[in-house]
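Note sheet for the following structure.
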Number of protein chains: 2
Amino acid sequence: MEDLINKYKGRGFKLTPQRIEILRFLEGNTSHPTAEDIYREIKKKYGTVSFATVYNTLQALKERGELLEVTIDPERKHFDPNSTPHHHIICGSCGKIEDVFEDYSGALKLPEKVLEKFTATGNHIDFFGICADCKN
Amino acid sequence: MEDLINKYKGRGFKLTPQRIEILRFLEGNTSHPTAEDIYREIKKKYGTVSFATVYNTLQALKERGELLEVTIDPERKHFDPNSTPHHHIICGSCGKIEDVFEDYSGALKLPEKVLEKFTATGNHIDFFGICADCKN
DNA sequence: ATTGTATAATGGAATTATTCCAAGATGAGA
DNA sequence: TCTCATCTTGGAATAATTCCATTATACAAT
């Protein structure tokens, strides 16, 4: 927590109580929450927090490269505070998203045909599956 | 076109003029259109077509496995009538999406740790890049 | 060809996710 | 402590998508 506060000190990122709560919720969180998940969580402590605050904060963190938007779920955006490169797997039944830490970069060479038209900057793999809980 | 009509004959898929127009627009289309792109196109010929019709038809095609939803763009869904397995690359500047036909399946083994929790059913790679048009 | 019926099309309202905005509040540097 | 750039808030606005009641129609059976 102290670490969190120090991390943002003097960097043009105003540390408000709501933001601190959002940062604490996100720190080390691997559940890939949606904006609503975050909103509901912060509301427990700050009953008047607004979605605007949540979205503003998420936006600020994204701009700092400290938060990634996960687009694996077609219905809504999820957020991931782990900004080190990794991939995701989503359960087709319950929608649970988990991290896949494995480096496939060596294998993901683009075909010549594509390289003629695009300069590659990165990639992300969506894995699909069924989780143990849903296999009942 | 005759092919298209025969393809759907007697399969519980009612071929209305609007649907035929949507099918014709999608057939062989590699532009990854959004629902609105499709709506605007069909509207040229059928001025009263509604978004409901477009979404209903896309839904029916998805259920038949003849259309895929592409979730690479965080802002909206794109649709891809090519249901053979392939990946995508999106231009970070203009948003253009193109196909990547390359089989990486042999390389995409999931770590044991993940396999203990999920039965894998598939995967899709999002490549990010900048297209030639945008490199100016 | 005619008809019956299940299915589709339509317009508009409803829903959901997200962004915008104006007004008041506040963190943090001077 | 004071100042002000930045943040928070509630509500309105936007955008994507879905829902619904009504009318229309494709097509299978006659």
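The basis for the numbers below is simple: all heavy atoms, side chains too, and nothing from hydrogens, waters or symmetry mates. Per chain, numbering begins at 1; letters A, B, ... match sequence-line order.
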*Indicate, with a heavy-atom threshold strictly under 4.0 Å, whether Thr53(A) touches base, sugar-phosphate, or nothing.*
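Answer is base: heavy atoms of Thr53(A) come under 4.0 Å of a base.
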*Under 4.0 Å between any heavy atoms, over every strand shown, what does Ser50(A) touch: base, sugar-phosphate, or nothing? Just pick one.*
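Base contact.
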Within this structure, what is the [atom1]-to-[atom2] distance between [X] and [N], rounded to whole angstrom?
X: Asp37(B); N: dA16(D); atom1: CG; atom2: P; value: 10 Å
X: Glu21(A); N: dC7(D); atom1: CD; atom2: C1'; value: 17 Å
X: Glu75(B); N: dT14(D); atom1: CD; atom2: C1'; value: 13 Å
X: Tyr46(B); N: dA8(C); atom1: OH; atom2: P; value: 17 Å
X: Gln59(B); N: dA9(C); atom1: CD; atom2: P; value: 14 Å
X: Tyr8(B); N: dA8(C); atom1: OH; atom2: P; value: 13 Å
X: Phe51(B); N: dA8(C); atom1: CZ; atom2: C1'; value: 18 Å
X: Leu58(A); N: dC20(C); atom1: CG; atom2: P; value: 15 Å

*Between the side chains of Asp80(A) and His78(A), is a donor N or O closer than 3.5 angstrom to an acceptor N or O?*
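No pair is found: no donor N or O on one side chain lies under 3.5 Å from an acceptor on the other.
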*So Phe127(B) and His87(B), would you call those rings parallel, tilted or perpendicular, with 30° and 60° as cut-offs?*
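Correct class here is perpendicular.
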*Look at the rings of His88(B) and His32(B) and say which category their plane angle falls in: under 30° parallel, 30 to 60° tilted, over 60° perpendicular.*
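Answer is perpendicular, since the angle exceeds 60°.
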Consider the side chain of [X], meaning its heavy atoms from C-beta on, and name the nucleotide among [options] that approaches it most closely.
X: Lys14(A); options: dT17(D), dT26(C), dT10(C); result: dT26(C)
X: Thr16(B); options: dA16(D), dA9(C), dC27(D); result: dA9(C)
X: Lys77(A); options: dT9(D), dT8(D), dT18(C); result: dT18(C)

*asked:* Please list all pairs meeting salt bridge (charged side-chain N to carboxylate O under 4.0 Å, His left out) that have one or both residues in residues 36-47 of chain A, counting only residues at least two apart or in different chains.
replied: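 For residues 36-47 of chain A, and leaving out neighbouring residues, the salt bridge (charged side-chain N to carboxylate O under 4.0 Å, His left out) pairs sorted by first residue read Glu21(A)-Lys45(A), Glu36(A)-Arg40(A), Asp37(A)-Arg40(A), Glu41(A)-Lys44(A).
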_Residue whose closest nucleotide on DNA chain D lies nearer the 5' end, Asn56(B) versus Pro17(B)_ =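 The 5'-side residue here is Asn56(B).
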*Want to settle it: does Arg76(B) or Val49(A) sit nearer the 5' end of DNA chain D, counting the closest nucleotide to each?*
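That would be Val49(A).
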_Take a 6.0 Å sphere around NZ of Lys77(B) and say whether it holds more than 12 heavy atoms from other residues, nucleotides or ligands._
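Atom NZ in Lys77(B) is crowded, with more than 12 foreign heavy atoms closer than 6.0 Å.
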For [N], does either OP1 or OP2 sit under 4.0 Å from a side-chain N or O belonging to [X]?
X: Arg19(B); N: dA9(C); value: yes
X: Gln18(B); N: dT10(C); value: yes
X: Tyr55(A); N: dT19(C); value: no

